[in-house]
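Predicted model, so just to flag it, every value in this text is computed and none were measured. When reading the values below, keep in mind they use all heavy atoms of this one structure, side chains included, and skip hydrogens, waters and symmetry mates. Just so you know, ligand 1 is whichever comes first in the structure, and atom 1 is the first atom listed for that ligand.
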Amino acid sequence: MAEGVDELGQGIKSLKVEEGVNGEAVSNGTAAEAVNGKVKTSDVQKEDEDAAESGGGKQAEEEEDGWDKVSDTDQNAEPPVSRVNFDLESNKLHKVEATDKTENDRPAKTVDDSAVAPSPLPGVDTVDSPMVAPLKRTQSERTPASSTGGRYLPPHLRNKEAAGGGAAAVGDMVRRKSAPLRSLTALIDDHGAPGPQRQNSLSRRGSDGNRAFGSTRRAGFGEKKREWKDHGDKPISRQNMNPFDRKHADAEVPETQTGINFERYNDIPVEMSGRDCPVAIEDFDSSNLDGRVLKNVTLAKYTSPTPVQKNAIPIIQAARDLMACAQTGSGKTAAFLVPTIHLMMKIGEPPVADPAPSSYSSKRVYYPTVLIIAPTRELAVQIHDESCKFTYNSGIIPAVVYGGSDFRDQVRQLDRGCDILVATPGRLVDFLQRGKISLEFVKFLILDEADRMLDMGFEPQIRQIVEDFNMPFGEDRQTLLFSATFPKEIQRLASDFLHDYIFLTVGRVGSTTEFIVQRVEYAPDNDMQKRELVIELLNEVQGLTLVFVETKRGADLLEDFLCHRGYPATSIHGDRSQPERTEALRSFRTGLTPILVATDVAARGLDIPNVAHVINYDMPNDINDYVHRIGRTGRAGNNGLATAIVTDSKANTARDLVDLLIEAGQEVPQFLEGMARMSGRSSGKKRGGGNRWGGRDVRRSDNYGDGGGNYGGFRGRGSNPENSGW
Ligand SMILES: Nc1ncnc2c1ncn2[C@@H]1O[C@H](COP(=O)(O)OP(=O)(O)OP(=O)(O)O)[C@@H](O)[C@H]1O
């Protein structure tokens, strides 16, 4: 039993805590894996997402077993939990009756099949049928043995070689209208006057002969541009609401007190590598953005672009694939949404956007043009909300699907339109396997928090989504990867999904912003002492405070402790139901409960204004997680404070932390230096020098191309030698 629990009373005593090494609480069944000589927590502890919550398909569950089964075990093993809630009004603690979390909190996995189409049969031609054909290609269709001649082919080349055979055949099966075949760049060329940067870039590229313009490859959009329809009186819920009207959404959330200080980013170093990098824009007005999009940018009160936006917008407008790395809170979401929506306006609606009028939900298939994948539900919802802003009054309709919510509700939402689909991987695979969503007309694939999406937890599922469900590839799809961190090995893996991409860094890859003051405190491996330290820190700094812990149970315990001591706290983690998670975030955002105890489920992407202080109660084992966690404060050029509590059992993190602090110009306490020396692990190379954080474009350190930033003849994993003139 963890120390300090007794004092919390009977309700808390019933909580069971496993003791790990050094008495540290660990989640039941958690697997710790040694990676590169350091311990990396399993994805269960990270609990990022969908995990066991992808509502249905057996295969989806099996796919997820590899990285979430432990979570199931954890839940099943957990005894009934009593909670103590703090009532702000009465200023009292309430003990809530014991509930069996296993039964009550666990999101339903089963889906009412009556609401969805039955599994499609192979070989059904659905040209005139509202029922969809199987979207999943078989292995033999993807990689015909004859086409490979028995030699090993990396996954990205398999698709290409198979395109003339199995893949194309299956693609034909699901094409609902006989649209002329157009590549993405041909569409953009035909359907809109390109901006100056893109013209330059495209003509250069054309003269290089590196990319097949006007390719006759199947692309699904017609010769004739179909404008995005004005949906008039159709009930399109979110579109009917003004996303800029604070009345309908987070009206209770105070406006950002400190304002946006993006001019503070102006000195930040920007690096681009790749062939024919477009010139950065200076302001939104000179960006040649579609008028509707520009209007929405103004409505969002974005007066000038952030550095990542200045550089990413013209790259995306030029139809180039992009791997972009920029610091937390620096505006990456708009950096990919704004130009993508601009291009959607240029190319118009795909021919399948119209459902057959008589189609019932259960038989309809949804064909997004843009697919955005994010690791957590909350982040998916946030990106969807941002999409609603930038597509306002454009006729383009964003939708979001994520685990832990009712499948049928999400199907109903898709009925209103699904031009931009934001999804978490598990629920998306579920929809795909049920044939409810087709990726055949996806022109833009965006991975937010891309390094997380491609790490060992999510990568198999992302690969499955990209390779097994008929999504266009190569030049028929534009792929955009964004994150604040991009470890080298993930960069290498990511290039499987990219085509002749540009690598953009704003600031150092994986660095923290200098607007965040970082402090490090030593504490013994003793929860009681750590908790007292947290109380001290809470007394010291007023304002919204986010406290990160390692385990779900640890989050519950700390929340209860704080409430017991009269501190208004709530928590968010993977064992809480979706309504509980949503409510916890809302209550934190609005300041009703200004302390949020969270696992890594809240570490990435969440944009909560005015978080004053991030406390790492448990240091994460991976320094990249630390970067994302502390990035919840100091956003949009504002100041922030982060305090890390380092214990002896976390000495393995000391070296990376020291390097990071030095790089960010922060004070390094002596005890941490000592710990770093004692831990016996030397970082070897300096951060930013192409080390494992991936200080820069991995293509440079891997001796690709000429190494000088011009990769005209660069041959990355994602490039097809045939197309790139090799
Ligand atoms: N050009 C701009 N002008 C004003 N505000 C902006 C601009 N771009 C982005 N913002 C705001 O800055 C905040 C941070 O943006 P965003 O969430 O996109 O950051 P991020 O780089 O994706 O962070 P993270 O790495 O944590 O995901 C948001 O509140 C967003 O609305």
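- The ring of F336 has its center no closer than 6.0 angstrom to the ring center of F390.
- The option from A334, S304, G331, A636 that lies nearest to atom 1 (N) of ligand 1, judged by heavy atoms, is S304.
- Atom CZ of residue R635 and atom CG of residue N638 lie 10.5 Å apart, to the nearest 0.5 angstrom.
- Contact annotation for R604 and ligand 1: no heavy atom of the residue comes within less than 4.0 Å of the ligand.
- In summary, the atoms of ligand 1 found under 4.0 Å from a heavy atom of R635, numbered by their order in the structure, are 14 (C), 16 (P), 17 (O), 19 (O), 20 (P), 23 (O), 24 (P), 26 (O).
- Remark: distances from the non-hydrogen atoms of A335 to ligand 1 are all 4.0 Å or more.
- Between D607 and ligand 1, at least one N/O pair is under 3.5 Å apart.
- Side chain to side chain, S587 and R589 fail the donor-acceptor criterion of an N or O pair below 3.5 Å.
- E449 counts as a contact of ligand 1, since one of its heavy atoms falls under 4.0 Å from the ligand.
- Within a 6.0 Å sphere centred on CD of E583, heavy atoms belonging to other residues, nucleotides or ligands number more than 12.
- Here is the list of ligand 1 atoms found below 4.0 Å of a heavy atom in Q327: 21 (O).
- Checking only distances, K332 does come within under 3.5 Å of ligand 1, N or O to N or O.
- Considering backbone and side-chain N/O atoms, T303 never comes within less than 3.5 Å of an N/O atom of ligand 1.
- Within the structure, ligand 1 lacks A326 among the residues with a heavy atom less than 4.0 angstrom away.
- Residue-ligand proximity, S330 to ligand 1, at heavy-atom distances under 4.0 Å covers atoms 19 (O), 20 (P), 21 (O).
- Residues V597 and T570 form no side-chain contact, since every pair of their non-hydrogen atoms from C-beta on lies 4.5 Å or further apart.
- Residue-ligand proximity: R632 is placed with a non-hydrogen atom under 4.0 Å from ligand 1.
- The shortest N/O to N/O separation between G631 and ligand 1 does not fall below 3.5 Å.
- Counting all heavy atoms, side chain and backbone alike, H342 lies closest to D290 at ND1-N, 2.9 Å.
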Check the pair R629, D600 against salt bridge (Lys or Arg N to Asp or Glu O under 4.0 Å), reporting the backbone distance first and the verdict last. CA-CA 8 Å; R629 283 179 178 190; D600 269 333; 2.7 Å; yes
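- Within ligand 1, counting atoms from 1 as listed, the ones closer than 4.0 Å to a heavy atom of T333 are 16 (P), 17 (O), 18 (O), 22 (O).
- Going from atom CD of Q309 over to atom OG1 of T333 covers 9.0 Å, rounded to the nearest 0.5 Å.
- Of the N and O atoms on the side chains of H628 and T328, not one donor lies less than 3.5 Å from an acceptor on the other residue.
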